[in-house]
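Worksheet for the structure shown next.
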There are 2 protein chains.
Amino acid sequence: MADDPGGPVPRTPREEVRRRLLSAAVRAFAEHGYADSRLEDIAHAAGFTKGAVYSNFGGKRDLFGAVLRERSDAEIDTLLARIGESADPADAVADTVRGVARRITEDPERGRLGLEFAARATRDAQTRDVVGRMRRAQREAVAEAVSRFAARGVPLGADPGLTALILHCLTNGLSMEHLADPGSVDTETIERALGAVIAALASVPPPDREEPQ
Amino acid sequence: MADDPGGPVPRTPREEVRRRLLSAAVRAFAEHGYADSRLEDIAHAAGFTKGAVYSNFGGKRDLFGAVLRERSDAEIDTLLARIGESADPADAVADTVRGVARRITEDPERGRLGLEFAARATRDAQTRDVVGRMRRAQREAVAEAVSRFAARGVPLGADPGLTALILHCLTNGLSMEHLADPGSVDTETIERALGAVIAALASVPPPDREEPQ
DNA sequence: AGGTTAGCATACCCATGGGTATTGGATACT
DNA sequence: AGTATCCAATACCCATGGGTATGCTAACCT
């Protein structure tokens, strides 16, 4: 059964091999961490073997580096794309907050990978360089968005750069807290936390229990 | 030289053996991470061999668990102790902020360990339980401190629990950011970020460039 | 078609380090 | 003192998995 087959099986394009390996690596590193991810598992998850990995990457470290750079670029692109779509200030902020909160709770892979990156950045200079660049770019994107709101007349309790740092770090901190203690840090709580800080920084009095006015 | 010695070398008390191993393990896990820490290195750093480790702990996982619990208790004690010493509200806040900022930049071991704990909590239920408990206790301690300020008449833009969550997560986020990008997140920046958020949440106008009054 | 190359599969190597079994000497007990 | 016990040192085991060398076949060349 399934005996001889008609001729040669077509070969997977190198580009796709690389993409599938990278994608499998992202899942593996996020789920098991760098050390506990096995190259053979990653390769099989992508439908190949270790040979494919060493044919497309220099080794485990290099594969991790490729994952890091790929995600870094993706993150920055997402951020930059989001800046454009701003509507009414209040609504835009509320929507963004909701989106951020949902991504934290519904896409744990992202947070896990971020933690893995951060942990390795602590010890490896190469990783630190890339992660540092990514973080700076993210903060700058946030700062840019904040500046636009400021230009529209929203008062700020701090300059855009500091405001961006605050929002960025608060978001990361909330993400970490959710991962460590999902039960007491849910989507709604994250929304409230971000909303409260933004409201306070924008010198907008906290919502008076019901809709204002 | 150093030839025969007078008789038996006294044996190190078991309590001290355990303490020294634990302390060496803290340093190792913080510096190299769990996976890249070798039991033999830890043992030698403490002045013993692997035998001492397996005599005092169940194995590598158990040693990590012991480190986690020990640090968890220490963190909670520190937090609780700090609550007592509040003087003038404004000064107390400024002092606390300065202390937190300095600890982040001057004691990287703490942040690194926190990251390691968080990363493992993501995948291991046991670790997640302990880390979750620790985090909740920390937030409650902060909430308690916030409540005291609120009782003294400091207005709050959010309830103490949410305020504590915000401050706690912002602190952790800033710590992570400092580790990943020490150059652009220094002590002063951390102080400003924390100060700005506290000022905003307490509905206190931001410092007017120079001393107020 | 025959030959060459490119690229993944397969088989193998071996350093690493967690875990275990055993030993040896100090402490406690009688 | 003699004996039992405790506890860390030592020696050893071996599963693991990153890395490498080789094989094999599809795609490319001419």
Side-chain angles (χ1 to χ4, degrees), chain A residues 2-25 27-29 31-67 116 120 123-124 126-127, chain B residues 2-25 27-29 31-67 116 120 123-124 126-127:
Chain A
D3 20 332
D4 98 297
V9 178
R11 181 175 277 182
T12 311
R14 191 165 173 76
E15 197 71 8
E16 184 186 336
V17 174
R18 189 185 158 89
R19 277 212 329 275
R20 277 162 58 185
L21 286 172
L22 221 46
S23 154
R27 284 192 297 274
F29 288 144
E31 186 156 0
H32 310 295
Y34 177 80
D36 289 343
S37 293
R38 290 176 297 169
L39 290 185
E40 205 175 325
D41 289 349
I42 293 175
H44 278 111
F48 302 96
T49 66
K50 273 202 304 184
V53 173
Y54 280 93
S55 172
N56 283 278
F57 302 93
K60 197 180 185 184
R61 295 180 66 82
D62 185 55
L63 177 60
F64 184 80
V67 166
E116 196 65 25
R120 286 192 67 79
R123 294 158 200 129
D124 178 47
Q126 295 249 328
T127 303
Chain B
D3 22 330
D4 97 296
V9 178
R11 181 177 278 181
T12 310
R14 191 164 174 77
E15 197 71 10
E16 185 186 335
V17 174
R18 188 185 159 89
R19 276 211 330 275
R20 277 162 58 185
L21 286 172
L22 221 47
S23 154
R27 284 192 297 275
F29 289 145
E31 186 156 1
H32 309 295
Y34 178 81
D36 290 343
S37 292
R38 290 176 297 170
L39 290 185
E40 205 174 326
D41 289 349
I42 292 175
H44 278 112
F48 303 97
T49 65
K50 273 203 303 184
V53 174
Y54 280 93
S55 172
N56 283 277
F57 302 93
K60 197 179 186 184
R61 296 181 64 84
D62 185 55
L63 176 59
F64 184 80
V67 166
E116 195 65 25
R120 285 192 66 80
R123 295 159 200 129
D124 179 48
Q126 295 249 328
T127 304

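Just so it is clear, the structure is predicted and the values come from calculations on it, not from any experiment. Order of the sequence lines sets the chain letters (A, B, ...), proteins ahead of strands, with each chain counted from 1.
- Counting to the nearest Å, the P atom of C:dG18 and the CG atom of B:L63 are 10 Å from each other.
- Shown here for B:I42 and B:L21, the closest heavy-atom pair between the two residues is CG2-O, 3.9 Å.
- Of the side-chain N and O atoms in B:R14, one or more sit less than 4.0 angstrom from OP1 or OP2 of D:dC7.
- Among the atoms of the strands shown, base atoms are found under 4.0 Å from some heavy atom of A:R11.
- In this structure, CG of B:D62 is placed 13 Å from P of C:dT20, rounded to the nearest angstrom.
- Comparing B:T12 and B:G58 against DNA chain C, the residue whose closest nucleotide sits nearer the 5' end is B:G58.
- Of the N and O atoms on the side chains of B:S23 and B:R27, at least one donor lies less than 3.5 Å from an acceptor on the other residue.
- Following rounding to the nearest Å, A:Y54 (OH) and D:dT20 (P) show an atom-to-atom distance of 7 Å.
- Across the protein-nucleic acid pair, A:D41 atom CG and D:dG18 atom P stand 9 Å apart, rounded to whole Å.
- Taking atom OH of residue B:Y34 and atom C1' of nucleotide C:dG17, one finds them 12 Å apart after rounding to whole Å.
- Side-chain atoms of A:K50 come within donor-acceptor range of the base of D:dG18, with a qualifying N/O pair under 3.5 Å.
- Nucleic acid contact class of B:V17 (heavy atoms, under 4.0 Å, all strands): sugar-phosphate only.
- Checking the phosphate oxygens (OP1, OP2) of D:dA8, a side-chain nitrogen or oxygen of B:S55 falls inside 4.0 Å.
- Side-chain proximity of B:T49 to D:dG18, D:dT10, C:dT27: nearest is D:dT10.
- When the P atom of D:dG18 is taken as reference, atom NE2 of A:H32 falls 12 Å away, rounded to whole Å.
- Checking D:dA9, D:dG19, C:dG18 against every side-chain atom of A:K60, the shortest atom distance belongs to D:dG19.
- If you measure from atom CD of A:E40 to atom P of C:dA11, you get 11 Å, rounded to the nearest angstrom.
- When the C1' atom of C:dG7 is taken as reference, atom CZ of A:R20 falls 14 Å away, rounded to whole Å.
- Of the charged side-chain nitrogens involved, none lies within less than 4.0 Å of a carboxylate oxygen, so that A:R123 and B:D36 do not count as a salt-bridged pair.
- Atom CD of B:E31 sits about 12.0 Å away from atom CD of B:E116, to the nearest 0.5 Å.
- Formation of a donor-acceptor pair under 3.5 Å by the B:S37 side chain with backbone atoms of B:A28 is found in this model.
- Between C:dG7 and A:N56, no contact under 4.0 Å exists linking OP1 or OP2 to a side-chain N or O.
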